[in-house]
Amino acid sequence: MPPSPAFSARIDAVAVWLMTSGVRILLILLAASLLLRMIRVLVARLSPTLTSLVQQSLEAQKRAQTLTTIARTTATTVVIVLTTMLVLGEIGVDVAPLIAAAGIGGLAIGFGAQNLVRDIISGFFLLLEDQIRVGDVVKIGDKAGQVEQIGLRIITLRDFDGSVHIIPNGTITSVTNQTKGFAYAVVPVGVPLATDVEVVTALLKEVGDSLRQDPTLAADLLGDVEVLGVDDFTTPRLKLTVRVKTLPAKQWRVARELRRRIKIAFDARQINLL
């Protein structure tokens, strides 16, 4: 029994659709696949290039990796959204109402997601202005720690005892970066008020010279140890301050060793520390 004219018409319509819209959909998907592959290849090549430009700074390398990851995610999202819209158009779905509905829905969601938008905008400028890098030790509000991750929405800090603090970018009003460029190891030294200032100053300079000559610490120092002088002489204590410029994140190690050497030197001279 021969097929009915209606069935034949449907077969012909399907064949025409496959030869026109079907082919276009296939080409769209193929082009999208190629674009996604190109994005992955470009980002894979861009990351080592950026890293090689900033080999002197591990934190800068990590920042370059963060930026390339965000660029890849953004580009991939754009390609997927455009591909979906083109495919919907080819199968007969009118995308104009969808776009309009998305705009209205986005506006409604925007009012309910103002904090999310604020976080993303703040995170973008944190990355753009290089205020914080992965590996930095920072203070944000009442939280402090090493930066483990920087995203467009949150920053992750890990403090000294291992606790993890997750901070929305939009809540950040000020940042104290303790490891950007260089740092200072600052050690206050308190002695009895009757102690000879010149003797104490000379002894502190000797300790500073010994620190400078130590090969295990010399690489961390960016200058000589400074004895800044008398900061206070309120009874019963005479207070002096010692300071030395160090590489980022090395100030704590240097300060601990400086205190140890000061203690040993003062004990040898029978000078009490207060």
Side-chain angles (χ1 to χ4, degrees), residues 47-69 126-127 129-140 143-150 155-165 175-191 198-231 239-269 271 273:
S47 182
T49 301
L50 291 176
T51 301
S52 65
L53 294 176
V54 290
Q55 286 182 349
Q56 74 282 4
S57 172
L58 178 61
E59 291 80 10
Q61 293 178 31
K62 292 179 179 178
R63 176 174 182 265
Q65 294 169 3
T66 301
L67 291 174
T68 53
T69 299
L126 280 173
L127 291 168
E129 296 172 359
D130 194 20
Q131 299 175 18
I132 305 175
R133 295 168 294 187
V134 172
D136 283 345
V137 178
V138 301
K139 292 181 180 178
I140 301 176
K143 305 299 182 184
Q146 186 176 47
V147 179
E148 286 199 337
Q149 183 180 1
I150 303 175
I155 287 179
T156 303
L157 305 182
R158 187 178 295 274
D159 67 17
F160 186 72
D161 66 3
S163 299
V164 175
H165 305 290
V175 177
T176 301
N177 193 329
Q178 297 178 288
T179 55
K180 189 168 185 177
F182 62 89
Y184 282 103
V186 179
V187 177
V189 179
V191 295
E198 298 302 325
V199 171
V200 173
T201 301
L203 187 55
L204 290 173
K205 288 181 179 179
E206 289 179 12
V207 172
D209 291 340
S210 71
L211 190 73
R212 187 72 170 157
Q213 293 168 9
D214 189 331
T216 62
L217 292 169
D220 295 337
L221 306 182
L222 298 178
D224 294 329
V225 177
E226 304 174 88
V227 181
L228 301 181
V230 178
D231 284 333
K239 178 184 173 185
L240 299 91
T241 300
V242 180
R243 186 180 78 164
V244 58
K245 190 175 183 179
T246 73
L247 292 173
K250 299 297 183 180
Q251 65 267 38
W252 298 289
R253 174 174 183 253
V254 171
R256 285 192 291 268
E257 178 61 19
L258 191 54
R259 292 189 192 96
R260 187 185 72 85
R261 292 175 184 242
I262 289 173
K263 171 63 174 170
I264 293 173
F266 278 47
D267 285 349
R269 296 291 187 90
I271 300 175
L273 289 169

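Any value given below was found using the heavy atoms of this structure, including those in side chains, with hydrogens, waters and symmetry copies removed. In what follows, residues are counted from 1 in the order of the sequence shown.
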Review point. Residues in salt bridge (Lys or Arg N to Asp or Glu O under 4.0 Å) with Lys263, at least two apart?
Key: Asp267
**Study point:** Spatial distance of atom CG (Leu247) from atom CZ (Phe182) [nearest 0.5 Å]
**Key:** 11.5 Å
**Study point:** Spacing of Asp214 atom CG and Asp209 atom CG [to the nearest 0.5 Å]
**Key:** 12.5 Å
Check your understanding: Are Tyr184 and Leu222 close enough that some pair of their side-chain heavy atoms sits under 4.5 Å apart?
Key -> no
Review point. If you measure from the Lys or Arg side-chain nitrogens to the Asp or Glu carboxylate oxygens, is any gap between Asp224 and Arg212 under 4.0 Å?
Key: yes
Review point. Taking all atoms of both residues into account, what is the closest heavy-atom pair of Gly181 and Pro248, and its distance?
Key: O-CG, 3.3 Å
Point to revise | Partner residues of Asp231 under the salt bridge (Lys or Arg N to Asp or Glu O under 4.0 Å) criterion, sequence neighbours left out | key: none
Review point. Nearest 0.5 Å, what's the CG-CG distance between Leu240 and Leu228?
Key: 9.5 Å
**Study point:** For Asn177 against Ile132, the heavy-atom pair lying closest together
**Key:** ND2-CA, 4.3 Å
Practice item. Can you see which heavy atom on Val186 is nearest to which on Pro188, and at what distance? Key: O-CD, 3.9 Å
Practice item. Run the numbers on Leu273 and Val191 for side-chain contact (heavy atoms from CB on, under 4.5 Å), then give the verdict. Key: CA-CA 5 Å; Leu273 289 169; Val191 295; 4.2 Å; yes
**Study point:** Lys205, NZ atom: more than 12 neighbouring heavy atoms under 6.0 Å
**Key:** no
Review point. Side chains of Lys250 and Leu217: closer than 4.5 Å at any heavy-atom pair?
Key: no
Review point. Between CD of Glu206 and CG of Leu203, what distance do you get to the nearest 0.5 Å?
Key: 5.5 Å
Check your understanding: How would you list, by chain and number, every residue that makes a salt bridge (Lys or Arg N to Asp or Glu O under 4.0 Å) with Glu257, sequence neighbours excluded?
Key -> Arg260, Arg261
Review point. With a 4.5 Å heavy-atom cut-off, do Val189 and Thr241 have their side chains touching?
Key: no
Point to revise | Distance in Å, Thr179 OG1 paired with Arg133 CZ, rounded so as to fall on 0.5 Å steps | key: 7.5 Å
Practice item. Output yes when a side-chain donor or acceptor of Gln178 lies under 3.5 Å from a complementary backbone atom of Gln251, and no otherwise. Key: no
Practice item. List the steps, then state whether side-chain contact (heavy atoms from CB on, under 4.5 Å) holds for Leu258 with Leu211. Key: CA-CA 7 Å; Leu258 191 54; Leu211 190 73; 3.9 Å; yes
Review point. Rounded to the nearest 0.5 Å, how far apart are CG of Asp136 and CG of Leu157?
Key: 10.5 Å
